[in-house]
Amino acid sequence: MAPMAETLKDTDTSVQTPKTPEVPEKPALEGLEEKLNSAWAQEKIYHFNPETTREQVYSIDTPPPTASGSLHVGHMFSYTQTDVMARFKRMCGYNVFYPLGWDDNGLPTERRVQNYYGVRCDPSQPYDPNYQPPEKPAKNQRDWDAISRQNFIELCEKLTVEDEKIFEDLFTRLGLSVDWRQTYRTIDDDSRAASQRAFLRDVNSGNAYTSEAPTLWDITFRTAVAQAELEAKERPGAYHRYPFTTAEGKKVFIETTRPELLPSCVALVAHPDDERYQPLFGKTVTSPLFGVEVEVKAHRLADPEKGSGIAMICTFGDMTDVTWWRELQLPTRALIGRDGRFARETPEWITTEEGRANYEQLAGKTVHSAKEAVVELLREQGILDGEPKPITHAVHFYEKGDKPLEVVTSRQWYIRNGGRDADRREELLARGKEIDWHPGFMRSRYENWVEGLNGDWLISRQRFFGVPIPVWYRLDEDGNPDYENPILPAEDQLPVDPAAQPAPGFEESLRGVPGGFVGEEDVLDTWATSSLTPQIAGQWERNNELFTTVFPYDLRPQGHDIIRTWLFATMVRAHSLHESVPWTNTAISGWILDPDRKKMSKSKGNVVVPNDVLEQFGTDAVRYWAASARLGVDTAYEVAQMKIGRRLAIKLLNASKFALGMGVTEAHIVRDDAGAAAVTQPLDRALLAELKTVVAQATEHFENYDYARALQITESFFWQFTDDYVELVKDRAYGGHGEEAQASVRAALATTLDALLRLFAPILPFATDEVWRWWRTGSVHAAAWPQAQALEIVAGEPQLLDSVGEVLSGLRRAKSDAKVKQRTEILSARITAPAVTLSHVEAALSDIKAAARAQSLELVAQEGAEVSVSEVTLAEEA
RNA sequence: GGAUCUGUAGCUCAGUUGGUUAGAGCGUUCGCUUCACACGCGAGAGGUCGUUGGUUCGAGUCCAAUCAGAUCCACCA
């Protein structure tokens, strides 16, 4: 529920001397962004007030964009949707905590810096404090400057700051009501300290641990990657069929897409129920080419339908191999190195002379070349059975890589995420039920992911530009690191860089010396930092007073593509660090599709640049398009929708100009019984009754995060207001029916305009505030959300407006059918309708006559009849 | 293979617990300088709600099946 009205800082609750409206001759949208943005900055209306309680705060954990490259329409879309909610909550009296940070840590930044400056990081290079990057990057990557890690990081920081400035300007232009004082960068000292602090706490609580194990490995980037970063891509492959041989000389055929792994084979496996292979279980067979004896094993994961039904287990071809290797307790015969090449030394498990000669053909080769070599050997020696059968199959890639992942054994750090622990998995599923998902069905994506986890979260990365893992290892007398007992820094020392600083209690001179220490060289997965955005933005452990007033946050907005990464990782961290959910609501935005219904993305080259549309249609128009789409719905990039938004914003300016031109001031707004007395005319009271419903419904939908519905309701009321109501009351507003009738119109116009500006303010912040400033003091964005209850005392019969509209439409149609101008006078006409409708018509008869230029209207009651206009006599056209 | 979403006018979409004749905007057709707005105004045409069956007095809405499209997960023998 919203806080009490007392906390609202609305400026208009007691008007002393009403402001005289000042309306421009030709209202226009052009230039509003610049003008109002500087006014808002000056008036500090989006500043978070730290003197506050948790109940007064509405906190938003916004996605920190990667500021590399350019912003695209997808950003405008989803960030607008969040801003609309932020503005609504602010108007409801909440102290809105709306920070926006930058995700400048990680591979995208590294890559951008490499390409932008033409440099590459070579950790063996010494630091050069005077280093200047080349004016122009060298065309050939081989000619790029090799620079030290420190120099590389400095360039990353320089470029990200420049990029972030451009983004901030664009987001400001977009009208985001972000408090820019609350900004952060995922690579800055505070973020690094927060990441390291969280890591240390996870180590101490047993939620983070190190382990030597087979992991997915990208040979291009030479780093381990996590399950969440995988992408399956369809790739052509081929089944190669060749036999192993039993002791009796019987051939056992296997079919494989990775024949090059034959020297890494540690066993064959078939399903326990597979009668074809049951006789072989427990016996050994000999591999072709390399002559290695391996046992035939049984395991339920073996699929009798695939290939020949019996598979080679190799260390390691894929994660299924890892499962078999672990559960069947097989030896390790790894050959593919971190560079993606086969070991240069012939392994000791290949003992036959022929086998060793064959291995020579693969030694040092890439996976690709080794495959060709093995196939060639199999072919030459007549072992290959038939030709390889081409197939298309899914292969795992790192989402940013372009070579298939290998599985390599290495020491890595992990965080427990339920992937190996059913209890924790249940806890995280329960957390998922604690938060409200908008739309609700998105929760199943989360549950789907949690239930499908097959291991803990691998958080160490063998990269340069990232948050260092804050640990050191003691070296024993032989110089071997003690990984089981890492040396941890004290929290008040954070952030630390173990590569540059000695371990606590050691001199730097003992680095790498037996009896001394080594620093951990790896950095944390960027998600290990991004998963802490609530803690980073809320200044966890730096300003806990602030942190406890914003955490758990009220809202996490984000895209559905990163539920498995960002959303899930944030839940994992909050669960183990705070035993809490990180937020109570999550709003999942859809994607922007191009007109061909494809997802817009940089790699597809179908991205529209935001500046162009902002320039062409204006910010309000673009925001209208974004706010017309419901949460979670993928939306077509629709220029037409922006045109409609632009039209609405312009209409709002012009309709306001009209109302304010009718002598309307803020003093006419109905606020209490005294003001209510002025509204004497049934038509005016009908309008306000309608308005009351609109306010009530829009509020309800906004509270349910359905801003699109709220907009639609407000918008259709607005058009009814301008097209019917304003046309009906023009004559009266000009004073044609006396002062009392005019005062009634003024009150209705003032009250409606006041409410409409507030209702549209979250979506069209520029046009609404422009109008607001014509006749009010301060900003509409510092004003309170309208309350339906306040209109109760002036609400009349809402049906009346519709009845009158129908009659007006009928009279207009008569002129349209007669093909005369709408100005043409109606000498007489007959209106047939049910008695109730006629009573409405009668109550507004003079307005109808004025609007339709009708001299005489005959009202005929007929129950059950539709409203119809007949017997129309028109005057001669002028 | 598991899960989720979508299918309503030429186009983009709305349709809240089932309830009269299914709505909006764009586009289209006809007409209009009407003193807030030609970046405007008025009027019209246009839909057997993907298909089939069921529940019900009554289904765009609920259930089942089916077709089509999209997304996530799994899938390297």
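Please read all numbers here as calculations on a predicted model, not as lab measurements. Residue numbering restarts at 1 for every chain, and letters A, B, ... go by the order of the sequence lines.
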Between [X] and [Y], does any side-chain N to carboxylate O distance fall below 4.0 Å?
X	Y	value
A:Lys233	A:Asp402	no
A:Glu22	A:Arg773	no
A:Arg646	A:Glu30	yes

### Query
So, for A:Phe760 and A:Phe718, is the gap between ring centers shorter than 6.0 Å?
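Yes, ring centres under 6.0 Å apart.
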
Given [N], is OP1 or OP2 found less than 4.0 Å from the side-chain N or O atoms of [X]?
X	N	answer
A:Arg853	B:rU34	no
A:Lys651	B:rC41	yes
A:Lys643	B:rU12	no
A:Thr320	B:rC76	yes
A:Arg813	B:rG44	yes
A:Arg564	B:rC73	yes
A:His396	B:rA74	no
A:Ser809	B:rA43	yes
A:Lys26	B:rA36	no
A:Gln227	B:rA74	yes

[X] side chain to [Y] side chain, donor-acceptor N/O pair below 3.5 angstrom:
X	Y	value
A:Glu231	A:His396	no
A:Glu33	A:Thr619	yes
A:Gln720	A:Tyr725	no

Contact class for [X] (heavy atom, under 4.0 Å): base, sugar-phosphate, or nothing?
X	result
A:Gly317	base
A:Val633	nothing
A:Ser656	nothing

### Member of A:Trp449, A:Trp437, A:Phe441, A:Trp591 meeting the ring pair (Phe, Tyr, Trp, His ring centres under 6.0 Å) criterion with A:His560
A:Trp591

### Expected output: side-chain A:Arg235 to main-chain A:Val395 donor-acceptor under 3.5 Å
no

### Task
Ignoring hydrogens and angles, tell me if any N or O in the side chain of A:Asp303 forms a donor-acceptor pair with the backbone of A:Glu305 under 3.5 Å.
yes

### Message
Can you say whether a donor on the side chain of A:Ser816 sits under 3.5 Å from an acceptor on the base of B:rG42, or the other way round?
### Response
yes

### Query
Starting at the 5' end of RNA chain B and moving along, which residue's nearest nucleotide shows up first, A:Arg823 or A:Gly632?
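Its nearest nucleotide lies further toward 5', so the answer is A:Gly632.
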
### Message
Need to verify one output field. Residue with the more 5' nearest nucleotide on RNA chain B, A:Asp723 or A:Ile644?
### Response
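Whichever sits nearer the 5' end wins; that is A:Ile644.
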
[atom1] atoms of [N] and [M], separation to the nearest Å:
N	M	atom1	result
B:rC30	B:rU17	C1'	43 Å
B:rG18	B:rA36	P	48 Å
B:rU28	B:rG46	C1'	9 Å
B:rC39	B:rC73	P	49 Å
B:rG10	B:rU71	C1'	27 Å
B:rA9	B:rG60	C1'	14 Å
B:rG15	B:rG47	C1'	14 Å
B:rG7	B:rC13	C1'	13 Å

### Query
Should stems be defined as at least three consecutive Watson-Crick or G-U pairs with both distances under 3.5 angstrom, which of them involve RNA chain B?
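For RNA chain B the paired stretches long enough to count as stems (3 pairs minimum) are B:1-7 with B:67-73, B:10-13 with B:23-26, B:28-32 with B:40-44, B:50-54 with B:62-66.
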
#### Entry: Inter-residue atom distance A:Leu567.CG - A:Met442.CE, 0.5 Å rounding
11.0 Å

### Message
Strictly under 4.0 angstrom, non-hydrogen atoms only: write out the protein contact profile of nucleotides 15-21 of chain B, one letter per nucleotide from the 5' end, B, S or -.
### Response
-B----B

